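Read the structure below first, then the notes.
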Amino acid sequence: MGAGVVNGRPNILFVNTDQQPWDAIGALGNRFVRTPAIDRLLRNGMRFERSYCTDPVCCPARSSWATGRYSSETGCLFNGGLLHADIPDVAHWLRGGGYEPAHAGKWHVDGRYLPEQGAFRLLYFGRRHIGAGAGETYDPSAVRAVLDFLDTYDGRRPFYLQLGLVDPHDICEYLHLQEHNRVPDPVAAGLAAPDDLPPLPPNFAVAFEELALQRAFHRAGDRSLAHAAIRRGIRDWTERDWRGLAWHLYRHVERADQHLGLILDALAQSRFRDDTLIVFSVDHGEAAGRHGLFQKFSLYEEAIRVPLVFAELGDRLGIPRGAADREHLVSGVDLLPTILDYAGVAGAAPMRGRSLRPLIDGNAPADWPEYAYVESNVWGRAVVMSRFKYITEYRPRADEGYRPPRGSTHELGRELLFDLENDPWETRDVAAAFPAEIGRARERLRRHEAGLDSRPLNERSRPVMDAWRSALLENGASAAAAPAT
Amino acid sequence: MSRALHWSVSPIEADDGRFVAALRERLAQAAAAPPDRDRRRYRLLSRWRAFYGWGVVPDGGDAHGRVSIARRRQPDGWTYEVRIENEMAGERTELRFTTDATPFRALRGGWSVASDYRNDYDTPGALQTYRCEGRRAPDGEIRLRLRGGLEFAAGRIALDRPAVADWALADAVAGLAGREFAVLDRLEVVKPVARVRPVGPWVCELGPAPMELNGYCVWGEGLDPRYWWMDAAGRAVLLSTMQNVWVLES
């Protein structure tokens, strides 16, 4: 082993981007975006093509990465939801296990204030702390901090180095710009030919009745819970404007990729090259017009499916090259157990995920979970299975006691079923045609949640839940009955 | 084109008036300042939604950064010294580079980056240091060397394509219109394909007198569109990115 490995344990570099669609990768055949750095990781590693975040919003998804638990357990059910103070995070485990955990860039696990957390070596997190956005401001310094670490770290302990790039989340600012401005699309502005714009997705128009939760967040006009002002600003958007949104998004993806490339170039020439496991993933996706939506906050594939790659630039760690796992359903809660597995560190607190290392090593366990469980907007749930995806919602209750909703305490609202095998764009709800699948999904949901922690939200997080519940009840979420299946 | 505030330099969310007031103040300063052909100073205003709502700088000021671009004519080109301060990022960066004498201001020779970045308003001693020296090898490869000795290739720029430092665009943007080139962002990140397109005149009425500005959009691979607005004297008066506006102060 080389200089970077201590007692046979690899260094681990975890680079994540923010709000990048799973298919915004050149090597996966997307001709509208160039991602040579991510492509390089795909060539040098193994990707999981059915990887799902635990919750399609920054803080909730990141709380799962950090703790190995679902957002309803961490307390981070939404941005601003506070992580329960007694839950250890990745840095606690790894520092206790002899690693040097270091952080640069976006963290966004609300409630875990990094200067007080004590376990991370803080390389960079902004003078005004990085919150949701501003990759343009923060990413260059975060990247420099990582470059300097690779240049100067003494290597006495193996490192766990995580870099949180904000990009392509800056696409949110492009969307906010629409609130009070008419911005010409890239063709009208002379920046692109019509053929340079990604096509309008085939599921742009939604032809089925969505969850009440979904309608309340995105389709309730000025009362929409998610960015009503943007929705108002883009109500006159043409097809080219929507395609232009994806065009702009891809420029931000490329910006993040170029930063990743700089890190990989430096790592490749550093003494840590041969002994560093590289992990790349994204906290959640971006709709960019799919289902007529922008941003996240939904349970559709564009919001919850994320890239996940394990790679190495050398050849000492045994990571397969150019490999793809298209079969196993994996989740954001699997990340921490996998990192601890490679680090040889035992995490004692309950974690919901499983190490992906056996899958990477080609020893897939026979009992690998047959589904991925996803939460959204407190009351939304998805059970993603091999062929089908089940989406549902709990009906909000006035007396929830600030506990996350569960099947044991809440009634189900609307239920949808998508046949991902035959309808990957999720254009048709086939719940009525497959009642047995609905039954199986319900049972998986019930059993899965029976094993989850359901403690109440931190007091300071409760006003958001109150506000959303009130809005949902006003918008008629409680009246959305489950179909008779 | 409209005489109102151009969308490329407007605040991202509803403006409470402070953004435009700050823009006016800076432009008035620029108009009153004695001409300095060697150095231009810019202030950084945020278009970003979170800036005015959450506060960024402890003193409550309306700007959270500044840039000074000093350049000196040499017999065979130009030398640049760019200083960037960004309170939000906690960044203090100094870029030194030389360019050729063409209108493209293409990089030549070596360059250096010295950056200190500070975490957290409240944590004393949380100051980090970064140093980097770079050069473009004869085959177009961009070679970077960090302070601890790590040297690596950070991509390649085709030899038939000018490599332009992003801050040299203040002088080169008009000359690059209609031509493909590469940008070396912050003297580190290769943007292999970039383009410039004129976006027409805009009569800016925010300063003490109406000012006709000509806009140039710079965009490309990994470059979300950004807009340089030049006055009749060829000075870059405004640079707008998605989140910030750099406004000429003097």
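Every chain is numbered from 1 and lettered A, B, ... according to where its sequence line falls, protein lines coming before strand lines. Predicted, not measured: the structure shown is a model, and the values here were computed from it.
- Interatomic distance, A:Phe149 CZ to B:Leu150 CG, rounded to the nearest 0.5 Å: 13.0 Å.
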Could you check A:Asp265 against B:Leu144 for side chain to side chain contact (heavy atoms under 4.5 Å, CB included), going step by step and ending with a plain yes or no?
-> CA-CA 10 Å; A:Asp265 287 339; B:Leu144 301 181; over 6 Å; no
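- Heavy-atom distances place the side chain of A:Thr152, and not its backbone, under 4.5 Å from chain B.
- A distance of 11.5 Å separates CG in A:Leu191 from CG in B:Leu223, rounded to the nearest 0.5 Å.
- No more than 12 heavy atoms of other residues, nucleotides or ligands sit less than 6.0 Å from atom CZ of B:Arg145.
- The parts of B:Glu188 that come within reach of chain A are both its backbone and its side chain, each placing non-hydrogen atoms under 4.5 angstrom from that chain.
- Between A:Ser141 and B:Tyr130, every side-chain heavy-atom pair lies at or beyond the 4.5 Å cut-off.
- Using a 4.5 Å heavy-atom cutoff, the side chains of B:Val113 and A:Arg144 are in contact.
- The number of heavy atoms from other shown groups lying within 6.0 Å of CZ (A:Arg460) does not exceed 12.
- Counting non-hydrogen atoms of other residues, nucleotides and ligands closer than 6.0 Å to CD of B:Glu94 gives a total above 12.
- The side-chain heavy atoms of B:Pro225 and A:His248, taken from C-beta on, include a pair separated by under 4.5 Å.
- For chain A, the nearby part of B:Trp219 is the side chain; its heavy atoms alone come within less than 4.5 Å.
- Contact of A:Ile130 with chain B is not made at all, since no heavy-atom distance falls under 4.5 Å.
- Contacts between A:Ala142 and chain B at a heavy-atom distance below 4.5 Å are absent for every atom of the residue.
- Expressed to the nearest 0.5 Å, how far CZ of B:Arg47 lies from CG of A:Asn181 amounts to 7.5 Å.
- A:Tyr124 places none of its side-chain heavy atoms less than 4.5 Å from the side chain of B:Gln128.
- The pair A:Asp148-B:Arg147 meets the salt-bridge criterion, with a side-chain N (NZ, NE, NH1 or NH2) lying under 4.0 Å from an Asp/Glu carboxylate O.
- Evaluated for a side-chain contact (heavy atoms from CB on, under 4.5 Å) with A:Arg127, the options B:Glu91, B:Met88, B:Glu87 yield exactly one hit, B:Glu87.
- In this structure, chain A has a heavy atom under 4.5 Å from the side chain of B:Arg226, while its backbone stays farther away.
- With A:Asp151 contributing its side chain and B:Gly148 its backbone, the two residues share a donor-acceptor pair below 3.5 Å.
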Check the pair A:Glu136 / B:Asn244 against side-chain hydrogen bond (donor to acceptor under 3.5 Å, both in side chains), numbers first and verdict last.
-> CA-CA 9 Å; A:Glu136 175 187 317; B:Asn244 296 301; 2.9 Å; yes
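- Heavy atoms of B:Ala89 lying under 4.5 Å from chain A belong to its backbone as well as its side chain.
- Inter-residue side-chain proximity for A:Gln258 and B:Val189 is flagged as met; some heavy-atom pair is nearer than 4.5 Å.
- Side-chain atoms of B:Lys191 and A:Glu254, non-hydrogen and from C-beta on, never get closer than 4.5 Å to each other.
- Between the CD1 atom of B:Ile12 and the NE2 atom of A:His176 there is a distance of 8.0 Å, given to the nearest 0.5 Å.
- With a 4.5 angstrom heavy-atom cutoff, B:Arg197 touches chain A only via side-chain atoms.
- Of the atoms belonging to B:Thr129, it is backbone heavy atoms, and not side-chain ones, that fall under 4.5 Å from chain A.
- A distance of 10.0 Å separates CD in B:Gln243 from SG in A:Cys172, rounded to the nearest 0.5 Å.
- For B:Leu146, the parts lying under 4.5 angstrom from a heavy atom of chain A are both the backbone and the side chain.
- Two residues are said to be in side-chain contact when any heavy atoms from C-beta on lie closer than 4.5 Å; A:Leu177 and B:Ser10 meet this criterion.
- With contacts defined as side-chain heavy-atom distances shorter than 4.5 Å, the pair A:Leu147/B:Phe152 qualifies.
- Only the side chain of B:Asn86 comes within less than 4.5 Å of a heavy atom of chain A; its backbone N, CA, C and O stay farther away.
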